[in-house]
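Taking it in order: structure first as structure tokens, then the write-up.
A note on names: the letters A, B, ... follow the listed sequences, proteins ahead of strands, and every chain is numbered from 1.
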Amino acid sequence: MTNKSKGVVAWLKHTDLVKNRWLYLLLLPALAFIIIFAYIPMVGVLIAFEDFDPIAGIFGSAWTGIENFRFFFSSSDWIQVTLNTLYLNTLFIATGTIGAVFIAIIMSELGKGLFVKISQTFMTLPNFVSWATVALFSVAFLGSDGIINAALEGAGIKPIPFYSSPDVWPTVFVIIRIWKGTGWSAIVYMAAILGIDQSIYEAAKIDGASKMRCIFQITIPMIKNIIILMFIMSIGNIFKGDFGMIYPFIGDNTLLYPTVDVIDTYVFRALRSFTNYGRTAAIGLYQSLMGFILVLFANWLAKRYSPESAIF
Amino acid sequence: MRTQSGSKIRERRGDRAATIIFYTVAALFAILCLYPFYQVLISSFADETTLVREGYKFIPSKFSADAYRTLFASNQILYAYGVTILSTVAGTLLSLLVTAMAAYALSGKKLKYRNAVNFFFYFTMLFSGGLIPYYILMRNYLHLTNSLLVYIIPGMFNVWNMFLLRNFFNDVPESLREAATLDGANEVVIAFRIILPLSLPALATVSLFSALSFWNEWMASMLYIDDERLYTLQYLIVRMVNSISAASNLGQAGLPPGIASVPANTLRLATAIVTIGPIVLLYPFLQKYFVAGLRVGGVKE
């Protein structure tokens, strides 16, 4: 063996890839997966700049520059779906946070007895039912002869034709999300409340502070940080429409689009009805980019607000 | 003095009132969370014509199991059950294996390039190519259509679960690994013989999360499956709801109501019950794992 090849062998022996070959072997399936299912589709965003022809493939199709984007942005659709996405998500974040903090405070005040255990089991259960099933449940409540309309009729109020009234859906979704998610999201805040130093409460009690006063002057200020942090983190997702929730309820019911058609449902419908992949990919890329920018923004905010809570 | 003790008593009364209100609110909310389950369950056992005539009652005046008989008489629900169970079991096992292997490799300070690899994984949570390139990849390049693999393969690894498990593995004492290395065991042996058996609660948590996502899958059915026998349970439900929504829409537009074939009320409810059955029955026993997962998920390294 020559000196040079000996050097190469020695170098190979010391590189991390050889030294930790077993570890890299364990990592290999996950790496292959992420390359195929996440990074290759990222290359696929090139379709957004093409008149994509499935037979010619990504690299064989004709380039059209920003034509696909011009098409999307020249229709009024993009404003509607963008606004709907932002509006619904803002609504969900605000009501979801308030509900979760409210329930967390109440549950923490009640201690750790059997009552709390059982009611917490009930409250967290809806979180584990799929949106599709919830949508099916809701038919019994929202249908023309459903429970809500029967109650309204009983009270002498005009029934609401839910499946053809777009204006009620943001409220309907808020209520359903509170039912489904509050008990679950409260757990994070309950853990935070559990972490508060008990001696603060004891000192306040000696000074004669009432329960409500302790909540407003100790509990809430002490968990303010985690509330703000959770809020900032949800800003990063504000451009992602909750497709999994909206589609099972709305499907192809065009009457409801004015208020609940979000970017994700729009892209999905475009995928199924347009044959123009390029245009649809352009919308998807617009959403991914905006989402990415917002995640960076949220992280910047988190860093400014509390450096240790920034994600990267 | 008198005024002070007076205000103390008033405050204690205030505390008692607050506690009563808290109990009431918590109890009401818990009941509200459970009520839809009860209503759907009890109504699924109602007699169809009674339900249509009288509406949803807290206790139906006439019971019948016809809906369940009809439901299980059709092969579709049985196929869907089979597909969903098979993809959930196979998918969860495979995903656990792939995810835990990667999580072990990246735990601790073993790999020199672990930060770069972490970022390589993490970046995919920040940016994605979107649905269209993914769809084209699945259909035109991987040909993952009309097969159970379309449920299993795309779910066989999850970045979030990987980071969750990695954080668990970080807590396993380094000395255990070092001792095993001195005994001549390689990393694969250490991972499978020492670290994974020590992390069973963590693995249980992650498998529950991934089992739930396999169980709730329906988009893959819609996008990549044409053969009705390969639909998942959830997709049957999505189709059912959409047909109701569309039907009531047509009804509003003044079309004859008979034109759309709306599934019978109780059959719909029975389907909902049958699909959530396993989750609701297992949930009280598994709850602590889910909660543990959430707590750890919130803790960043």
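- Counting heavy-atom pairs closer than 4.5 Å to chain A, the top residue among B/P154, B/G130, B/P36 is B/P36.
- Rounded to the nearest 0.5 angstrom, B/N216 CG and A/F128 CZ are separated by 10.5 Å.
- Ring centers of B/F37 and A/W179: under 6.0 Å apart, within the cut-off.
- Chain A forms more heavy-atom pairs under 4.5 Å with one residue of B/P133, B/A30, B/C33 than with any other, namely B/C33.
- Taking 4.5 Å as the limit, every side-chain heavy atom of A/F33 sits out of range of all side-chain heavy atoms of B/N158.
- The closest side-chain heavy-atom distance from A/F122 to B/I31 is not below 4.5 Å.
- Using a 4.5 Å cut-off between heavy atoms, A/I103 touches chain B through its side chain atoms alone.
- Between the side chain of A/Y39 and the main chain of B/F120, a donor-acceptor pair closer than 3.5 Å is present.
- Scanning all heavy atoms of the two residues, the minimum distance from B/V98 to A/P29 falls at CG1-CB, 4.0 Å.
- In this pair, A/F292 and B/F127 present their aromatic rings perpendicular. The plane angle is above 60°, beyond the 30 to 60° band.
- Heavy-atom pairs under 4.5 Å with chain B peak, among A/L31, A/I215, A/L28, A/I36, at A/L31.
- Residue contact with chain A, scored on non-hydrogen atoms closer than 4.5 Å, is absent for B/L97.
- Annotation: B/F157 is not in aromatic contact with A/F37 [ring centroid separation under 6.0 Å not met].
- Note that CZ of A/R21 and CG of B/N186 are 8.5 Å apart. Values are rounded to the nearest 0.5 Å.
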- Item | Test side chain to side chain contact (heavy atoms under 4.5 Å, CB included) applied to A/I250 and B/N242, step by step | CA-CA 7 Å; A/I250 305 305; B/N242 287 346; over 6 Å; no
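- Side-chain atoms of A/W131 and B/V238, non-hydrogen and from C-beta on, never get closer than 4.5 Å to each other.
- Using a 4.5 Å heavy-atom threshold, the side chains of A/I178 and B/F29 count as touching.
- Neither the backbone nor the side chain of B/M162 comes within less than 4.5 Å of any heavy atom of chain A.
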- Message: Determine whether A/W22 and B/V189 satisfy the following criterion, side chain to side chain contact (heavy atoms under 4.5 Å, CB included), listing intermediate values before the conclusion.
- Response: CA-CA 10 Å; A/W22 292 109; B/V189 174; over 6 Å; no
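- Interface residue B/I276: only side-chain heavy atoms are found under 4.5 Å from chain A.
- The shortest heavy-atom contact between B/V241 and A/A132 is CG2-O, 4.2 Å.
- Most heavy-atom pairs under 4.5 Å with chain A, from the set B/Y104, B/Y113, B/Y141: that is B/Y113.
- When A/C214, A/P126, A/A48, A/S119 are compared by the number of non-hydrogen pairs under 4.5 Å with chain B, A/P126 comes out ahead.
- Contacts between B/A27 and chain A at a heavy-atom distance below 4.5 Å involve backbone atoms as well as side-chain atoms.
- For the options B/Y235, B/F123, B/Y23, B/Y134, heavy-atom pairs under 4.5 Å to chain A are most numerous at B/Y23.
- What you find for A/L110 and B/T19 is that their closest heavy atoms are CD2-O, 4.3 Å.
- Between chain A and the residues B/I273, B/I21, B/L131, the most heavy-atom pairs under 4.5 angstrom are made by B/L131.
- Rounding to the nearest 0.5 Å places CZ of A/F268 at 4.0 Å from CE of B/M222.
- The minimum heavy-atom distance between A/I106 and B/A26, with the atom names listed, is CG2-CB, 4.1 Å.
- With chain B as the partner, the residue from A/G284, A/S138, A/G183, A/P41 showing the most heavy-atom pairs under 4.5 Å is A/P41.
- Separating the CG atom in B/L142 from the CD1 atom in A/I40 is a distance of 7.5 Å, to the nearest 0.5 Å.
- With a threshold of 4.5 angstrom between heavy atoms, A/I226 does not approach chain B through any atom at all.
- Taking B/T275, B/I153, B/V159 one by one and counting their heavy-atom pairs under 4.5 Å with chain A, the maximum is reached by B/I153.
- For chain B, the nearby parts of A/M123 are the backbone and the side chain; heavy atoms of each come within less than 4.5 Å.
- B/I132 contributes atom CD1, which lies 8.0 Å from atom CD1 of A/I283 (distance to the nearest 0.5 angstrom).
- The minimum heavy-atom distance between A/A140 and B/L269, with the atom names listed, is CB-CD2, 4.1 Å.
- Contact count versus chain B (heavy atoms, under 4.5 Å) is highest, among A/A38, A/A150, A/A281, A/G244, for A/A281.
- For B/A272, the parts lying near chain A are the backbone and the side chain together; criterion is any non-hydrogen pair under 4.5 Å.
- Between atom OG of residue A/S130 and atom CG of residue B/L212 there is a gap of 8.5 Å, rounded to the nearest 0.5 Å.
- Highest contact tally toward chain B, considering only A/L285, A/L25, A/I34, is held by A/I34 [criterion: heavy-atom pairs under 4.5 Å].
- Residue contact with chain A, scored on non-hydrogen atoms closer than 4.5 Å, is absent for B/F58.
- Here B/Y56 and A/F141 keep their ring centres 6.0 angstrom or further from each other.
- When the candidates A/I47, A/I105, A/V43, A/V139 are compared by the number of heavy-atom contacts under 4.5 Å with chain B, A/V139 comes out ahead.
- Counting non-hydrogen atoms of other residues, nucleotides and ligands closer than 6.0 Å to OH of B/Y35 gives a total above 12.
- Side chain of B/D15 to backbone of A/K211: a donor-acceptor contact under 3.5 angstrom is found.
- Contact check for A/T133 versus B/Q234: side-chain heavy atoms found under the 4.5 Å cut-off.
- Using a 4.5 Å heavy-atom threshold, the side chains of A/F243 and B/M219 count as touching.
- For the residue pair B/A18 and A/M212, the shortest heavy atom distance occurs at CB-SD, 4.2 Å.
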- Verdict with reasoning, B/R268 to A/L136, per side chain to side chain contact (heavy atoms under 4.5 Å, CB included): CA-CA 7 Å; B/R268 225 150 60 197; A/L136 192 54; 3.3 Å; yes
